[in-house]
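This is a predicted model, so every value here is computed, not measured.
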Amino acid sequence: MKKLGIKHRADQLIANKRVRRIVLILLCVIVALCVFRLLLLLFPVKEFEIEGDTKYDLNEIVNAAGIRTGDRLYGINKSKVEKKILEKCPYIESVKIKRKFPNTVCFVIQERGSGWYLQVGEDFYALDYDLKVLMETFDEQMLKDRGLTKLVLPQLQSAVAGIGEVPEFGKDDERLRSETVKIIDTIRTNDIKDRLTYLDLSNRFEIKMVIDGTYTVDFGDMDDADKKINMILVTIADAQKDGYVGGEIYVVSPSNVDFRGYFPDGTKEDADSAEENE
């Protein structure tokens, strides 16, 4: 019995040592984490960067975020900053803040498919690809500088819907609305969209557009649209090789495109010369 008691006490001592060792390790880990967190709060923000394509420059994003150099990198409230950016930058669909050790704030941005703007009176409205209003402004040049295409819609009402809503056009004609959206979807998914300055859909059978700011196009309707667009791009490429800086393009059919060029001195090619070139 005496030997059993001694063995029990020995086992108890070993168990107690193990417990103390585990507690000590846990305390060391907790202290290390606290010290590490305190050290992290000491790192000031010095650099900013963006991941993802955006029409906003870095300064605009930083100003919207309200973060300044010298702020504590790991003291930033990420969810609060992300909300502020979304409120002040309507083209942005989502944003995530990444903190890069030791002093860099990275904005991971995904933009809305903004690509159009409308004019109603003296006001201008930026739209996403679903025609939802993103913002209202008096500064048309700002929208142009961001690469947005001026869009003319059929029977646009005098009042434009609010932010996040679709403009009122076509007197609530759902068929007209859906056909217009279908035309826009076809054009925006084509390579021509990035070069499109102006798109007039007020008459879907007589669509007009401006490409590269200098080539006006009478497009006709949307029959064989992709073939027509390809012919237009070929025509412009040939015109540029020939030294023209712009021109007038008339799409008779996918295989028949008339062109009248503009010369660098500002003069226009006369109709007879254009016909001879054809």
Side-chain angles (χ1 to χ4, degrees), residues 50 52-64 84-93 95 109-171 176-177 180-181 183-204 206-219 229 232-233 236 245-249 262 266 268:
I50 292 176
D53 294 329
T54 174
K55 295 179 176 65
Y56 296 98
D57 62 35
L58 184 57
N59 287 334
E60 289 177 300
I61 301 296
V62 171
N63 289 336
K84 288 171 66 176
I85 293 173
L86 292 176
E87 288 175 350
K88 296 182 179 181
C89 301
Y91 296 116
I92 295 178
E93 183 171 5
V95 58
I109 291 174
Q110 180 178 345
E111 281 210 341
R112 298 180 186 277
S114 58
W116 316 101
Y117 74 91
L118 296 174
Q119 179 175 1
V120 181
E122 297 182 357
D123 297 327
F124 300 91
Y125 298 84
L127 309 176
D128 68 11
Y129 281 128
D130 294 324
L131 298 186
K132 292 180 181 178
V133 177
L134 295 176
M135 66 175 295
E136 178 183 0
T137 180
F138 295 106
D139 187 356
E140 182 179 15
Q141 190 59 48
M142 181 265 288
L143 301 178
K144 290 180 178 179
D145 291 343
R146 295 189 185 281
L148 274 64
T149 301
K150 188 169 186 178
L151 181 65
V152 179
L153 294 174
Q155 303 177 30
L156 182 67
Q157 302 297 295
S158 58
V160 171
I163 303 299
E165 299 180 14
V166 176
E168 300 173 4
F169 67 97
K171 297 181 179 178
L176 179 61
R177 186 192 306 274
T180 301
V181 171
I183 293 172
I184 291 173
D185 284 341
T186 299
I187 291 176
R188 78 176 178 86
T189 55
N190 193 284
D191 292 341
I192 201 174
K193 172 59 184 75
D194 292 337
R195 300 173 62 178
L196 206 57
T197 309
Y198 175 84
L199 179 63
D200 184 350
L201 302 179
S202 55
N203 184 339
R204 69 180 186 276
E206 297 179 5
I207 297 169
K208 300 181 185 302
M209 58 181 69
V210 177
I211 301 171
D212 296 339
T214 55
Y215 294 91
T216 61
V217 181
D218 285 350
F219 191 81
I229 290 173
I232 290 169
L233 294 178
I236 292 175
V245 295
E248 300 166 4
I249 299 173
Y262 300 162
K268 295 182 180 181

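Atoms OG1 and CG, on T180 and D185 in that order, are 11.0 Å from each other to the nearest 0.5 Å. Remark: L196 CG to I187 CD1 distance equals 6.5 Å, nearest 0.5 Å. Between T137 atom OG1 and M142 atom CE the span is 4.0 Å, to the nearest 0.5 Å. Atom CG in L148 sits 8.0 Å away from atom OH in Y117 (nearest 0.5 Å). Annotation: the span from R188 atom CZ to D194 atom CG amounts to 12.0 Å, rounded to 0.5 Å.
Open room surrounds CG on D53; 12 or fewer heavy atoms of other groups in view lie less than 6.0 Å from it. Atom CG of D139 has more than 12 neighbouring heavy atoms from other residues, nucleotides or ligands inside a 6.0 Å radius. Around CD of E122, the count of heavy atoms belonging to other residues, nucleotides or ligands within 6.0 Å does not exceed 12. With a 6.0 Å radius and a threshold of 12 heavy atoms from other residues, nucleotides or ligands, K132 has its NZ atom at or below the threshold.
Between the side chain of Q119 and the backbone N or O of G121 there is at least one donor-acceptor pair closer than 3.5 Å. E87 contributes no side-chain N or O that, together with a main-chain N or O of K84, makes up a donor-acceptor pair within less than 3.5 Å.
Taking 4.5 Å as the limit, some side-chain heavy atom of D218 sits within range of a side-chain heavy atom of K208. Considering only heavy atoms from C-beta on, I184 comes within 4.5 Å of L151 through its side chain. Residues V133 and L127 are in side-chain contact: their nearest non-hydrogen atoms beyond the backbone lie under 4.5 Å apart. Residues R195 and Y215 form no side-chain contact, since every pair of their non-hydrogen atoms from C-beta on lies 4.5 Å or further apart. Using a 4.5 Å heavy-atom threshold, the side chains of K193 and W116 count as touching. Inter-residue side-chain proximity for Y91 and L134 is flagged as met; some heavy-atom pair is nearer than 4.5 Å.
Applying the salt bridge (Lys or Arg N to Asp or Glu O under 4.0 Å) criterion to K88, with sequence neighbours excluded, gives no partner residue. In terms of the side chain to side chain donor-acceptor pair (under 3.5 Å) criterion, E206 has no residue partners (sequence neighbours excluded). T197 meets the side chain to side chain donor-acceptor pair (under 3.5 Å) test with no other residue; sequence neighbours excluded.
Screening L199, I207, I211, I236 for a side chain to side chain contact (heavy atoms under 4.5 Å, CB included) with V217, the sole residue that qualifies is I211. Of the options I92, N63, V62, a side chain to side chain contact (heavy atoms under 4.5 Å, CB included) to I85 is made by I92 and by none of the others.
Heavy atoms only, all atoms of each residue included: A64 and C89 are closest at CB-SG, 3.7 Å. Taking each heavy atom of S202 and D200 in turn, the nearest pair found is OG-OD1, 2.6 Å. The two residues K55 and R146 make their nearest non-hydrogen contact at O-NH1, 3.0 Å. Smallest separation of non-hydrogen atoms from Y262 and T214: CE1-O, 3.8 Å. Considering every non-hydrogen atom in both T149 and Y198, the closest pair reads CG2-N, 3.6 Å.
Between the side chains of Y56 and E111, no donor N or O sits under 3.5 Å from an acceptor N or O.
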F219/I229 under side-chain contact (heavy atoms from CB on, under 4.5 Å): CA gap, chis, key distance, verdict: CA-CA 9 Å; F219 191 81; I229 290 173; 3.8 Å; yes
Can D128 and E93 be said to form a side-chain contact (heavy atoms from CB on, under 4.5 Å), step by step? CA-CA 10 Å; D128 68 11; E93 183 171 5; over 6 Å; no
